[in-house]
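Chain A is the first sequence line, chain B the second, and so forth, proteins listed ahead of strands; every chain is numbered from 1.
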Protein chains: 2
Amino acid sequence: MDIQKEKLTIQEVAKATGLTTHTLRYYERIGLIHPINREENTRRCYTTDDVGWINFLLKLRATGMSIKDMQRYAELQRQGDETLPERVQMLKALRENVEARIHELNENLSLVSYKIDLYSKIIEETMLEKS
Amino acid sequence: MDIQKEKLTIQEVAKATGLTTHTLRYYERIGLIHPINREENTRRCYTTDDVGWINFLLKLRATGMSIKDMQRYAELQRQGDETLPERVQMLKALRENVEARIHELNENLSLVSYKIDLYSKIIEETMLEKS
DNA sequence: CCTTGACTTAGAGCACACTCTAAGATGTAA
DNA sequence: TTACATCTTAGAGTGTGCTCTAAGTCAAGG
């Protein structure tokens, strides 16, 4: 019984990840994705594992991690388990960074909410005066 | 008794806001800041109100608002109180956007934390095996 | 008076992260 | 076989938000 290793075209991966084929090739070129196997022809043949990795990359990107740092992380990942400590360090730094950003966003959110309330009151009062 | 209207040079405003003089002129050029009064000479002469506005702009920027939207907001602000409803709309849209981003960051933070824990365990186990 | 340094403008240049183009090879349907 | 779509590569172009340069003006200190 073969392990079901689904083979995917670049189009299918694009659909599965929300990236364009351009971006998928770009990510491979700059080392965010390992060199994808080709079929007997020259075309890329992705695995479901590749899709998993790409989706994880997208999570990292969504945290605001830079391409440079993602390149470093991807390189470490390819080097295997002995790089786990350094990857954990990167993730811890990322966590702190994200926590700080969430904190800042919450502060600014308060200011925005304050302004909304303030301006809403002024608008109400102005309408009352006019009526 | 004069109202104490402090006059500030571009350098002083740069220090007060953390922006460079380049960026201050750039913001004025693109309309984020109203045309700053000049003294008898041609040099910019900021008021404390201007600094207040710039610091508010920086809060908007920190929420991820685009220059384009900040330009629109600044334009509305200069037009006076009859634009308050539209400004409130912009702020409400911003609030939703920021809330969504905080939510996404929190989700990705969970994933990052999960990976940190997982990898930390693997590292521990590996060390035990070797000892 | 002369040097030094901060100011002015318009516009060029940069870093980031894509995004697209050109030109050619290959696979698929009629 | 003939279209036609899709793939490939290297490399050029784009949008955002600054960031810096060049060339000139102006004011104060020695």
Side-chain angles (χ1 to χ4, degrees), chain A residues 7-47 50 53-75 94 97 101 104 108, chain B residues 7-47 50 53-75 94 97 101 104 108:
Chain A
K7 306 283 189 185
L8 299 161
T9 68
I10 195 168
Q11 290 293 350
E12 287 164 337
V13 175
K15 250 170 225 153
T17 60
L19 294 175
T20 65
T21 58
H22 290 302
T23 304
L24 284 169
R25 290 192 205 97
Y26 165 67
Y27 276 11
E28 185 176 336
R29 208 160 63 205
I30 66 173
L32 289 187
I33 305 171
H34 69 89
I36 299 294
N37 291 330
R38 311 305 176 99
E39 302 216 290
E40 67 285 346
N41 56 46
T42 60
R43 298 186 181 184
R44 285 173 181 79
C45 179
Y46 293 80
T47 68
D50 295 330
W53 169 248
I54 293 163
N55 280 326
F56 176 60
L57 276 184
L58 294 183
K59 303 283 188 190
L60 291 183
R61 188 182 66 167
T63 66
M65 188 184 267
S66 69
I67 292 275
K68 212 180 216 298
D69 285 351
M70 288 197 287
Q71 283 173 321
R72 177 72 185 144
Y73 193 95
E75 194 195 328
L94 179 63
N97 184 302
R101 242 154 349 104
E104 195 191 356
N108 290 325
Chain B
K7 305 284 189 184
L8 298 161
T9 67
I10 195 168
Q11 290 292 354
E12 288 164 338
V13 175
K15 250 168 227 154
T17 60
L19 294 176
T20 66
T21 57
H22 290 302
T23 305
L24 284 169
R25 292 192 205 96
Y26 165 67
Y27 275 11
E28 184 176 336
R29 206 159 65 204
I30 67 173
L32 289 187
I33 304 172
H34 69 89
I36 298 294
N37 291 332
R38 310 306 176 99
E39 302 216 291
E40 67 285 347
N41 57 44
T42 59
R43 298 182 181 187
R44 285 172 181 79
C45 178
Y46 294 80
T47 68
D50 294 331
W53 169 248
I54 292 162
N55 280 326
F56 176 61
L57 276 185
L58 293 184
K59 303 283 188 191
L60 291 184
R61 188 183 66 168
T63 65
M65 188 184 267
S66 70
I67 292 274
K68 213 180 215 298
D69 286 351
M70 288 197 286
Q71 283 172 321
R72 177 71 185 145
Y73 193 95
E75 193 195 327
L94 179 63
N97 184 302
R101 245 156 344 107
E104 196 191 355
N108 289 325

### Task
Could I get the full list of side chain to side chain donor-acceptor pair (under 3.5 Å) partners for A:Arg72, not counting sequence neighbours?
A:Glu86
### Test side chain to side chain donor-acceptor pair (under 3.5 Å) applied to B:Glu75 - qualifying residues, sequence neighbours left out
B:Gln79
### Message
Could you tell me how far apart A:Leu24 (CG) and D:dT6 (C1') are, to the nearest whole angstrom?
### Response
15 Å
## Note on the structure
For residues 55-71 of chain A, the salt bridge (charged side-chain N to carboxylate O under 4.0 Å, His left out) pairs (sequence neighbours left out) are none
### Task
Under the side chain to side chain donor-acceptor pair (under 3.5 Å) rule, collect the residues that match up with B:Thr20, sequence neighbours excluded.
B:Thr23
### Query
Quick one: what's the B/S/- string for nucleotides 7-18 of chain D, heavy-atom cutoff under 4.0 Å, read 5' to 3'?
SBBBB-----BB
### Task
For A:Asn97, check side chain to side chain donor-acceptor pair (under 3.5 Å) against everything at least two apart and list the hits.
A:Arg101
#### Entry: Separation of C:dT9 C1' from B:Ile30 CD1 (nearest whole Å)
16 Å
